[in-house]
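Right, one structure below, let's go through it.
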Amino acid sequence: MSGGYSNSKKTDDICEKVCGQASFAALTMSRLRCMLRGIDIRICIVLLIAIPVFMFGIYLHGQKITYFLRPLWESPPKPFHEIPHYYNENVTMERLCHLHGWKVRESPRRVFDAVLFNNEIDILALRWNELSPYVTQFVLLESNSTFTSLLKPLLFAGNRHQFKFVEPRLTYGMIGGRFKKGENPFVEEAYQRVALDQLLRIAGIEEDDLLTMSDVDEIPSGHTINLLRWCDDIPPVIHLQLRNYLYSFEYHVDNKSWRASVHRYKPGKTRYAHYRQSDIILSDSGWHCSFCFRYVSEFIFKMKAYSHTDRVRFPHYLNPKRIQDVICKGADLFDMLPEEYTFKEIIGKMGPIPHSYSAVHLPAYLLNNAEKYKYLLPGNCRRESG
């Protein structure tokens, strides 16, 4: 070719035309095309689909991932010292105290059973009938506010006529809620528990009286309270290991419920609380029946009202049909993984709770009124709408 030197190599028009007279927009697009040159378009498509799907999966199941990985970032709590629990109705109290390493008293201690009440009318009836022979004074505090600052009716006050059998031994108090929207629910809960301390003093509790601290649905067995009131040298604070049930006594989760406790009251020192206060626990001491409601509407109210309301992550969790299906399957209302500290325990508890058809050693009042409370017994998972 005449006229000088010639290069037969093909020129990259895309990259070489990014300078000169082109507009800013054209330059920008050219640079982008230049950077993407050589990248497989299929990889781009896969990334454009995979990244949003991955992010949506994190949004839906991030809580599950966090709970499953819990053993990596949180160690299990210090184990309790578990005291064997001896009981048979044909064994004398002196013998039972001796088997636990305690001495029998000449007369039983007074017992005060104190609870914060929300909406568990049926469970309260089971609790008070179970404990009635052994309790000196029942103490109940009710608020017109949930822990999440929702206005609620005074349900106990409206149903007080159902509990005439404890009326002479009842100290009832009502406290107005503070209704601070957006506040941590545990702050309102702590506020109500402090008020319960004051109500106990009004009820006349004195040094060395027994005080049970537990939620309404954490029911100590009557013989457990009778043992502790009759025996000397019991620990100042002892937690109660309860059989853990969900929705009814058909779904036995485990025996790990421990928050219920019994205290030998010390004026100025004993404070009503719902956390670990001792390293000692008495085995097989009662029942914890969580979310054990007659009406679907009560499930919805509790899900919105209690301290862990953040678990209602999606509106459809409150759908009545979904709630009914979850109950009959023995699944989790909040679609959560088990709150455990080892991978073995998490995996072992994944999925629905197995059905249990044993109704042995349940509260006597429940079995004596089985027709009224049949929804709490095996084989009756259907709930009324309410």
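- Of the residues R127, Q137, R169, the one that meets the side chain to side chain donor-acceptor pair (under 3.5 Å) test with D113 is R127.
- Between the side chains of T146 and T148, a donor-acceptor pair is found at a separation under 3.5 Å.
- When the shell of 6.0 Å around NZ of K329 is examined, it contains 12 or fewer heavy atoms from other residues, nucleotides or ligands.
- Salt-bridge annotation for R109 and D208: present, with a side-chain N of the basic residue lying under 4.0 Å from a carboxylate O of the acidic one.
- Aromatic pair H355/Y251: ring centres closer than 6.0 Å.
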Under the side-chain contact (heavy atoms from CB on, under 4.5 Å) rule, what do R271 and Q277 come out as? Steps first, then yes or no, please. CA-CA 10 Å; R271 294 287 182 269; Q277 302 176 72; over 6 Å; no
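- For the pair V166/V135, no side-chain contact is recorded, criterion being any heavy-atom separation below 4.5 Å from C-beta on.
- Aromatic ring orientation, F163 versus W128: perpendicular (interplanar angle above 60°, classes split at 30° and 60°).
- By the 30° and 60° cut-offs, the orientation of the rings of W102 relative to H100 is parallel.
- Remark: R193 engages E189 in a salt bridge, criterion side-chain N to carboxylate O under 4.0 Å.
- Using the six-membered ring where Trp is involved, H239 and W258 have ring planes that are perpendicular, over 60° apart on the 30 and 60° scheme.
- The shortest distance between side-chain heavy atoms of L376 and Y245 does not fall below 4.5 Å.
- Using the six-membered ring where Trp is involved, F314 and H316 have ring planes that are parallel, under 30° apart on the 30 and 60° scheme.
- For the pair D325 and K321, the salt-bridge criterion is met [side-chain N within less than 4.0 Å of a carboxylate O].
- For the side-chain contact (heavy atoms from CB on, under 4.5 Å) with L228, the qualifying choice from V111, I234, T212 is I234, the only one to do so.
- By the 30° and 60° cut-offs, the orientation of the rings of F117 relative to F156 is perpendicular.
- Judged by a 6.0 Å distance limit and a 45° cone about the ring axis, R383 is not positioned over the six-membered ring of Y375.
- Under the 4.5 Å side-chain heavy-atom criterion for Ile, Leu, Val, Met, Phe, Trp and Tyr, F165 and V115 are members of the same hydrophobic cluster.
- For H85 and H223, the distance between ring centers is under 6.0 angstrom.
- Ion pair E142/R160 not flagged as a salt bridge, since none of the NZ, NE, NH1 or NH2 atoms sits closer than 4.0 Å to an Asp/Glu carboxylate oxygen.
- In the displayed structure, E94 atom CD is contacted under 6.0 Å by at most 12 heavy atoms of other residues, nucleotides or ligands.
- Look at K349 and E340 and you find a salt bridge, because one of the NZ, NE, NH1 or NH2 atoms lies within 4.0 Å of a carboxylate O, short of that distance.
- Within 6.0 Å of the NZ atom in K103, the count of heavy atoms belonging to other residues, nucleotides or ligands does not exceed 12.
- Ion pairing between a basic and an acidic side chain is recognised when a charged N comes within 4.0 Å of a carboxylate O; K152 and E188 show no such pairing.
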